[in-house]
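For reference, the structure is listed below as structure tokens.
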Amino acid sequence: MTITTAVVPVAGLATRLRPLSRGVPKALLPVAGRSVVQHVVDELAACGIERVVLVTGRGRAAFAAHFAGSGGPEMVCVNQPEPLGLGDAILRAAPVLDGPFVIALGDALLGRGTPARIVRRLAAAVEAGAGAAVAVEEVGPQDTRRYGIVAPAGDGDPFPVGAVVEKPAPEAAPSRLAVAGRYAATPALLDALRATPRGSDGEVGLSDALGALDGVVAARLAPGEERLDVGTVPGYCAAFVEFALSDAELGPPLRARAATLLDGLE
């Protein structure tokens with residue numbers, strides 16, 4: 001069993017990115033010469049993914065046009081009519097999934113100079129028998145409210161996970177290891193999502209579904225695979241700068257220009 005399909009949710013409303021996202025889906029915003037979602041797809045392709053299922057909302061036609069004739073993985077678009085959470089987005093892809101799959105969030109970039117390889121490590125864990133695998137990275141205590149936080153149930157890398165707690169306060173967080181936007185799972189996750197009650201906001205929680213699965217493991221991001229969240233204006237700006245400065249072609253003149261600008265600000 002080799003996992004070659006990935007689900008990439010890109011249907012969020014991106015309210016934290018307004019006004020940038022008012023007319024353009026955030027996954028199609030540029031980051032150093034390529035769109036956000038193109039960076040994600042390139043990362044997946046480098047990890048052996050051959051088929052990418054984009055879960056789109058508004059802007060479906062724009063995504064289809066963006067990838068038309070681009071080569072690389074086969075691209076499939078499915079629609080999420082309402083933004084009802086990550087779990088609902090994954091369920092929208094269920095009819096076109098026929099085995100284990102990867103999930104890569106469309107607003108999270110990993111790595112800079114070279115594509116991250118964490119997806120291959122997560123897929124390997126599921127191929128070896130895990131029910132699901134999640135990427136994690138350590139965050140500051142003030143940031144636990146922003147992410148799903150795993151409760152480790154043992155040691156190793158990957159290590160077993162007892163639960164995933166969604167956006168806990170620092171004093172309630174079971175660790176400081178935050179889910180970093182990359183997952184791999186068997187079809188059992190789809191069954192768990194179908195059985196997960198909707199929250200008070202009407203959304204289907206992926207963390208709740210993961211908690212209902214057996215054999216969930218987590219793997220830490222490797223050095224150089226820091227998550228860059230483009231879902232906010234500061235995060236988007238930071239990602240653009242880091243990817244641009246790391247680019248083989250764009251980087252050298254931009255670094256020289258940045259040095260001049262910084263000198264002028266001192």
In this structure, are over 12 heavy atoms from other groups packed under 6.0 Å from Asp155 atom CG? no

Taking the side chain as every heavy atom from C-beta outward, state whether Tyr236 and Leu228 have any pair of such atoms under 4.5 Å apart. no

Nearest heavy-atom neighbours spanning Val10 and Gly106: CG1-CA, 4.1 Å

Let me see the working for Leu110 and Arg182 under side chain to side chain contact (heavy atoms under 4.5 Å, CB included), right down to the final yes or no. CA-CA 9 Å; Leu110 303 181; Arg182 301 292 185 270; 3.5 Å; yes

Closest heavy-atom pair, Cys47 versus Ala116, reported as atoms and distance to 0.1 Å, is SG-O, 3.4 Å

Shortest non-hydrogen contact between Ala192 and Thr196, atoms and distance: O-OG1, 2.6 Å

Are side-chain heavy atoms of Glu226 and Glu137 found at a separation under 4.5 Å? yes

With a cut-off of 6.0 Å (strictly less than), are more than 12 heavy atoms of other residues, nucleotides or ligands near CG of Asp214? no

Verify the neighbour count for atom CD of Glu249: are there more than 12 heavy atoms of other residues, nucleotides or ligands below 6.0 Å? no

Could you give the side-chain donor-acceptor pairs of residues 48-57 under 3.5 Å, partners two or more places apart or in another chain?
from	atom 1	to	atom 2	distance (Å)
Arg51	NH1	Val96	O	2.9
Arg51	NH2	Val96	O	3.0
Thr56	OG1	Val78	O	3.3

Expected output: side-chain Arg255 to main-chain Leu245 donor-acceptor under 3.5 Å: yes

dist Leu189:CG -> Leu97:CG (nearest 0.5 Å) comes out at 10.0 Å

Could you check whether Arg120 pairs with Glu43 (Lys NZ or Arg NE/NH1/NH2 to Asp/Glu carboxylate O, under 4.0 Å)? no

Report yes if some heavy atom in the side chain of Val8 is under 4.5 Å from a heavy atom in the side chain of Leu44; otherwise report no. yes

I'd like to check Arg145 versus Pro170 (side-chain heavy atoms, cut-off strictly below 4.5 Å). Are they in contact? yes

Derivation of the side chain to side chain contact (heavy atoms under 4.5 Å, CB included) call for Val136 and Tyr147: CA-CA 10 Å; Val136 295; Tyr147 302 109; over 6 Å; no

Give the C-alpha distance, both sets of side-chain angles, the deciding distance and a yes or no for side chain to side chain contact (heavy atoms under 4.5 Å, CB included) between Leu210 and Val179. CA-CA 12 Å; Leu210 287 169; Val179 177; 5.9 Å; no

Leu86 vs Pro9 side-chain heavy atoms within contact, under 4.5 Å: yes

NZ on Lys26 to OG1 on Thr232, rounded to 0.5 Å: 9.5 Å

State, yes or no, whether a side-chain contact exists between Arg60 and Asn79 at a heavy-atom distance under 4.5 Å. yes

Are Val126 and Phe159 connected in the hydrophobic side-chain network, where two residues link if heavy atoms are under 4.5 Å apart? no

Is any side-chain heavy atom of Asp88 closer than 4.5 Å to a side-chain heavy atom of Gln80? yes

Is a donor on one side and an acceptor on the other found under 3.5 Å between the side chain of Arg176 and the backbone of Val139? yes

Are Leu213 and Val134 linked, directly or through other ILVMFWY residues, by side chains that come within less than 4.5 angstrom of each other? yes

For Pro174 and Pro168 the tightest heavy-atom approach is CD-CG, 4.4 Å

Could you tell me whether the side chain of Thr186 reaches within less than 4.5 Å of the side chain of Phe101, counting heavy atoms only? no

So CZ of Arg34 and CG of Asp247: to nearest 0.5 Å the spacing works out to 7.5 Å

Using modelled atom types only, decide if a donor and an acceptor are shared between the side chain of Glu225 and the backbone of Ala222 within a distance under 3.5 Å. yes

Inter-residue atom distance Leu109.CG - Asp229.CG, 0.5 Å rounding: 9.0 Å

Any donor-acceptor pair under 3.5 Å linking the side chain of His39 with the backbone of Val31? yes

Do Ile3 and Val119 land in one hydrophobic cluster if side-chain heavy atoms of ILVMFWY residues count as linked below 4.5 Å? yes

Would you give the length of the straight line joining atom CG of Leu177 to atom CG of Leu221, rounded to the nearest 0.5 angstrom? 10.0 Å

Rounded to the nearest 0.5 Å, what's the gap from CG on Leu190 to CD1 on Ile90? Could you check? 8.0 Å

Go through the steps for Val102 and Tyr183 under the test side chain to side chain contact (heavy atoms under 4.5 Å, CB included), then give the verdict. CA-CA 6 Å; Val102 161; Tyr183 314 73; over 6 Å; no

Spell out, as yes or no, whether a donor-acceptor pair under 3.5 Å connects the side chain of Arg121 to the backbone of Arg220. yes

When clusters are formed by joining ILVMFWY residues with side-chain heavy atoms under 4.5 Å apart, either directly or through shared neighbours, do Leu122 and Val164 land in the same one? no

Report whether Leu84 and Val204 are members of the same hydrophobic cluster (ILVMFWY, side-chain heavy atoms less than 4.5 Å apart, transitive linking). no

Side-chain donor/acceptor of Ser35 to backbone N/O of Leu29, under 3.5 Å: no

Taking all non-hydrogen atoms of both residues into account, name the closest pair between Glu166 and Gly148 and its distance. OE1-CA, 3.8 Å

Side chain Thr260, main chain Ala256, donor-acceptor under 3.5 Å: yes

Smallest heavy-atom separation, Leu28 atom then Ala62 atom, equals CD1-CB, 3.7 Å

